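Since the structure comes first, as structure tokens, the remarks are kept for the end.
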Amino acid sequence: MSEVETIVRNALKSGKYYFGIRRTIKALKKGEAKAVVVSKNCPEEFLNEIKKFGVPVFVFDGTNMQLGEFCRKPFSISSMAILESVK
């Protein structure tokens with residue numbers, strides 16, 4: 001299991017996360033997000049916006065559909081805000 005997969009699994013277990021680009025950016029603006037996980041096909045414009053906040057950004061080695069499937073959700077996930085320290 002990769003480091004990113006471990007981070008996602010831990011966040012899912014703790015329940016301290018938000019899905020979606022808009023919710024991720026909102027959490028970043030509020031200072032809630034400690035890290036962000038994005039799919040490898042996350043739109044570049046959103047990735048650039050996320051990087052402006054200076055939190056660690058981890059790239060999931062899969063598409064948004066695969067990230068949604070990994071999280072056991074019936075929808076695609078381009079980004080995920082992690083609300084707790086990842087290390």
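Here the structure is a predicted model, which means the values were calculated and not measured.
- By the criterion of side-chain heavy atoms lying less than 4.5 angstrom apart, applied directly or through intervening Ile, Leu, Val, Met, Phe, Trp or Tyr residues, Val55 is not grouped with Val37; the two fall into different hydrophobic clusters.
- Other residues, nucleotides and ligands place more than 12 heavy atoms under 6.0 Å from the CG atom of Asn10.
- Val59 has its side chain out of reach of Val4: every pair of non-hydrogen atoms, C-beta onward, lies at least 4.5 Å apart.
- Taken to the nearest 0.5 Å, the CE atom of Met65 stands 6.0 Å off from the OG atom of Ser76.
- No side-chain heavy atom of Val36 sits less than 4.5 Å from a side-chain heavy atom of Phe58.
- In this structure, the separation between SG on Cys71 and CZ on Arg9 is 9.5 Å, given to the nearest 0.5 Å.
- Residues Val38 and Leu28 fall within the same hydrophobic cluster, defined by Ile, Leu, Val, Met, Phe, Trp and Tyr side chains chained together at heavy-atom separations under 4.5 Å.
- Closest non-hydrogen pair, Met80 versus Leu12, comes out as CE-CD2, 4.0 Å.
- Residue Val8 is not grouped with residue Leu83 when hydrophobic side chains (ILVMFWY) are merged at heavy-atom distances under 4.5 angstrom, including chains of intermediate members.
- Residues Asn64 and Asn41 approach most closely at N-OD1, 2.8 Å, considering heavy atoms.
- In this structure the side chain of Pro43 reaches within 4.5 angstrom of the side chain of Ile21, judged on heavy atoms.
- Taking 4.5 Å as the limit, some side-chain heavy atom of Val57 sits within range of a side-chain heavy atom of Lys51.
- For Glu32, the CD atom sits in a packed shell: over 12 heavy atoms of surrounding residues, nucleotides or ligands are nearer than 6.0 Å.
- Across all their heavy atoms, Lys34 and Gly31 have their closest contact at NZ-O, 3.9 Å.
- For the atom pair SG of Cys42 and CG of Asn48, the computed distance is 9.5 Å after rounding to the nearest 0.5 Å.
- Expressed to the nearest 0.5 Å, how far CD1 of Ile25 lies from OG of Ser79 amounts to 7.0 Å.
- When the side chains of ILVMFWY residues are joined at heavy-atom separations under 4.5 Å, either directly or via intervening members, Val86 and Phe60 end up in a single hydrophobic cluster.
- Contact detail for Ser14 and Glu84: the closest heavy-atom pair is OG-OE2, 3.0 Å.
- Note: Thr24 OG1 to Tyr18 OH = 10.5 Å, rounded to the nearest 0.5 Å.
- In this structure, CG in Leu47 is found 11.5 Å from NZ in Lys52, a value given to the nearest 0.5 Å.
- Ring pair Phe19/Phe75 is perpendicular by interplanar angle, where above 60° counts as perpendicular and below 30° as parallel.
- Gln66 and Ser39 share no side-chain donor-acceptor pair at under 3.5 Å.
- Using a 4.5 Å heavy-atom threshold, the side chains of Lys16 and Ile82 count as separate.
- Side-chain atoms of Asp61 never come within 3.5 Å of backbone atoms of Lys40 as a donor-acceptor pair (strictly under, hydrogens ignored).
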